[in-house]
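The structure appears right after this line, and notes come after that.
Because the structure is predicted, anything quoted here is derived from the model rather than measured.
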Amino acid sequence: MKLCFIYIIGLFVLVLPAIGNAQNGAMHSLWHDGSKIVTPRECESCHHKEYALWMGTAHARHAKVDDNYDTAEYIKSRMGVLSMNSNSLCVKCHYTGMGVGERTVAITGVSCESCHGPAKDWLDLHNTIRPNENEAERETRRKLSIAKGMVRPTELYQLASSCFECHTVPEEDLVNRGGHNTGTRDFELLSAMEEIRHNFLHAGFAAGNVENSAPNMYRRRIIFVLGRMMDVEFSLRGLAESTTDGRYRKAMRKRLYDAVVRLDALCKIEYFPEVAGLLAEIEKLGEGGSYGEASGLADRLCNVAKRFSIAADARSLEGVDKLLLSQNSPK
């Protein structure tokens with residue numbers, strides 16, 4: 001697919017994990033209220049298996065930056081940051097930050113509330129189940145917990161937003177001046193979610209059952225397609241944030257190019273009319289050196305992606321399996 005922005009290659013990428021940013025209120029914001037954090041230990045009191053699995057992930061280890069010490073020190077010096085784990089951009093993606101007086105202090109790595117939302121307002125709703133609770137009462141409790149800020153696994157777009165907010169880096173100054181990397185290259189939502197999968201819900205109520213259930217093919221199709229849509233959306237948002245033609249903007253152009261190529265390939269297998277129309281408009285983005293339309297295009301794609309995540313009939317998306325098989329085949 002021919003795009004009118006430049007395909008940039010050979011970008012210098014640093015090794016420190018990405019720092020994200022909320023995007024125009026379009027989705028769940030990772031910039032949480034530290035005063036409403038309850039810590040992973042509160043979750044562990046019920047979700048033992050999920051907690052144990054999390055402890056072995058890179059998310060939990062983000063609080064340990066020894067392997068990236070020199071890079072972290074370099075970025076801190078460039079940005080005038082004294083401490084990564086207190087009142088800095090670093091906390092927002094590398095840690096879970098808790099409010100301590102006027103400060104937000106890192107208490108652990110990327111944890112439960114980084115993805116599922118600060119739990120103070122919804123924790124009791126989530127874990128207090130009335131004896132003989134019927135389905136209608138359960139659904140009312142679930143909806144109220146969502147209204148209070150809980151991001152449940154069924155809220156797939158909202159959940160995935162946390163991933164993209166950190167694995168893209170909408171912080172131009174942090175990249176251009178600080179030398180931070182420009183995000184996780186070739187970020188693929190389905191693969192990323194599989195790396196941290198902790199689906200022990202039903203196993204947790206069965207003695208001796210430790211199965212971490214894999215998503216079925218229908219859910220895999222939805223996650224895969226949603227991830228390709230959101231990759232374009234967040235690339236557009238990054239480009240919309242850029243103000244100068246520096247390293248950050250160049251990286252966002254390349255990221256958008258790659259994301260559009262992948263989504264266009266998907267649309268050739270499974271036709272999504274609204275997406276195809278948006279891709280045609282994105283082709284024109286950057287004509288005359290202007291990216292003023294990027295934010296509006298991102299918002300429109302956001303709405304399409306949200307509707308898809310809720311209402312798509314995965315049974316009709318058999319063509320997606322070809323890409324899934326190709327992606328998972330040995331390199």
Side-chain angles (χ1 to χ4, degrees), residues 17-32 50 53-54 57-59 62 92-93 96 110-118 142 145-146 149-170 183-199 201 213-238 240 255-256 258-260 262-263 266 270 272 274-275 278 297-312 314 317 320 323-324 327:
I19 290 177
N21 194 10
Q23 300 290 347
N24 302 325
M27 68 289 295
H28 164 64
S29 173
L30 193 69
W31 295 173
H32 56 243
E50 290 86 348
L53 187 145
W54 167 72
T57 66
H59 278 177
H62 269 197
K92 295 171 181 177
C93 271
T96 300
V110 179
S111 66
C112 318
E113 292 168 279
S114 299
C115 300
H116 295 287
R142 288 172 178 167
S145 67
I146 291 171
M150 182 182 187
V151 182
R152 299 178 61 88
T154 51
E155 303 291 304
L156 190 54
Y157 178 90
Q158 296 291 87
L159 195 65
S161 292
S162 295
C163 305
F164 281 97
E165 283 174 8
C166 274
H167 287 279
T168 60
V169 186
T184 304
R185 290 183 293 180
D186 302 321
F187 181 76
E188 201 286 298
L189 181 63
L190 179 60
S191 298
M193 293 185 80
E194 278 296 281
E195 289 179 15
I196 60 171
R197 169 163 52 92
H198 46 273
N199 187 15
L201 178 61
S213 302
N216 62 35
M217 181 56 73
Y218 294 150
R219 184 168 175 83
R220 285 171 57 82
R221 290 171 181 171
I222 296 296
I223 295 172
F224 183 75
V225 175
L226 179 64
R228 292 213 166 177
M229 291 183 186
M230 293 182 72
D231 200 8
V232 174
E233 176 199 339
F234 277 77
S235 298
L236 285 165
R237 294 193 186 284
R255 187 179 197 101
L256 181 57
D258 291 344
V260 167
R262 287 190 289 264
L263 184 55
L266 176 59
E270 291 287 350
F272 303 103
E274 283 187 280
V275 174
L278 281 167
L297 288 167
D299 288 343
R300 289 165 59 191
L301 187 54
C302 167
N303 291 330
V304 173
K306 283 182 177 179
R307 292 199 302 271
F308 173 84
S309 70
I310 295 169
L317 299 175
V320 173
L323 290 174
L324 287 174
Q327 175 180 286

Measuring only between side-chain heavy atoms, which start at C-beta, is [X] closer than 4.5 Å to [Y]?
X: K306; Y: Q158; answer: yes
X: T154; Y: R142; answer: no
X: Y218; Y: L317; answer: no
X: S111; Y: W54; answer: yes
X: K92; Y: C166; answer: no
X: D231; Y: F187; answer: no
X: T168; Y: R237; answer: no

Contact summary for [X] and [Y], nearest pair of heavy atoms:
X: G183; Y: V169; result: N-CG2, 3.4 Å
X: G227; Y: F164; result: O-CZ, 3.5 Å
X: E194; Y: P215; result: OE2-CD, 3.2 Å
X: L159; Y: M193; result: CD2-CE, 4.0 Å
X: V110; Y: C93; result: CG2-O, 3.0 Å
X: P170; Y: E165; result: CD-O, 4.2 Å

From [X] atom [atom1] to [Y] atom [atom2], the distance as rounded to the nearest 0.5 Å:
X: R220; Y: L324; atom1: CZ; atom2: CG; value: 5.5 Å
X: H167; Y: D186; atom1: NE2; atom2: CG; value: 13.0 Å
X: L301; Y: F308; atom1: CG; atom2: CZ; value: 11.5 Å
X: F224; Y: L323; atom1: CZ; atom2: CG; value: 5.0 Å
X: R197; Y: L190; atom1: CZ; atom2: CG; value: 10.0 Å
X: D299; Y: E233; atom1: CG; atom2: CD; value: 7.5 Å

Checklist outcome for this item: Taken in chain and number order and not counting sequence neighbours, the residues that satisfy salt bridge (Lys or Arg N to Asp or Glu O under 4.0 Å) with R307 are E274
Checklist entry - R300: what forms a salt bridge (Lys or Arg N to Asp or Glu O under 4.0 Å) with it, not counting sequence neighbours? => result E281
Next on the checklist: Checking side-chain contact (heavy atoms from CB on, under 4.5 Å) between F272 and each of L278, L263, V304, L266, which is the one that passes?
Outcome noted: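 One option only clears the test, and that one is L266.
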Next on the checklist: Under a 4.0 Å threshold between the charged nitrogen and the carboxylate oxygen, would R152 count as salt-bridged to E155?
Outcome noted: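 No salt bridge links E155 with R152.
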Checklist entry - Are the side chain of R255 and the backbone of S235 linked by a donor-acceptor contact shorter than 3.5 Å? => result no
Item to check | Donor-acceptor contact present, side-chain R262 to main-chain R228, <3.5 Å | outcome: no
Checklist entry - Shorter than 2.5 angstrom, is that how the SG atoms of C115 and C163 come out? => result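 Disulfide absent: SG-SG distance not under 2.5 Å.
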Checklist entry - Where do E270 and V225 land on the side chain to side chain contact (heavy atoms under 4.5 Å, CB included) test, with the steps shown first? => result CA-CA 10 Å; E270 291 287 350; V225 175; over 6 Å; no
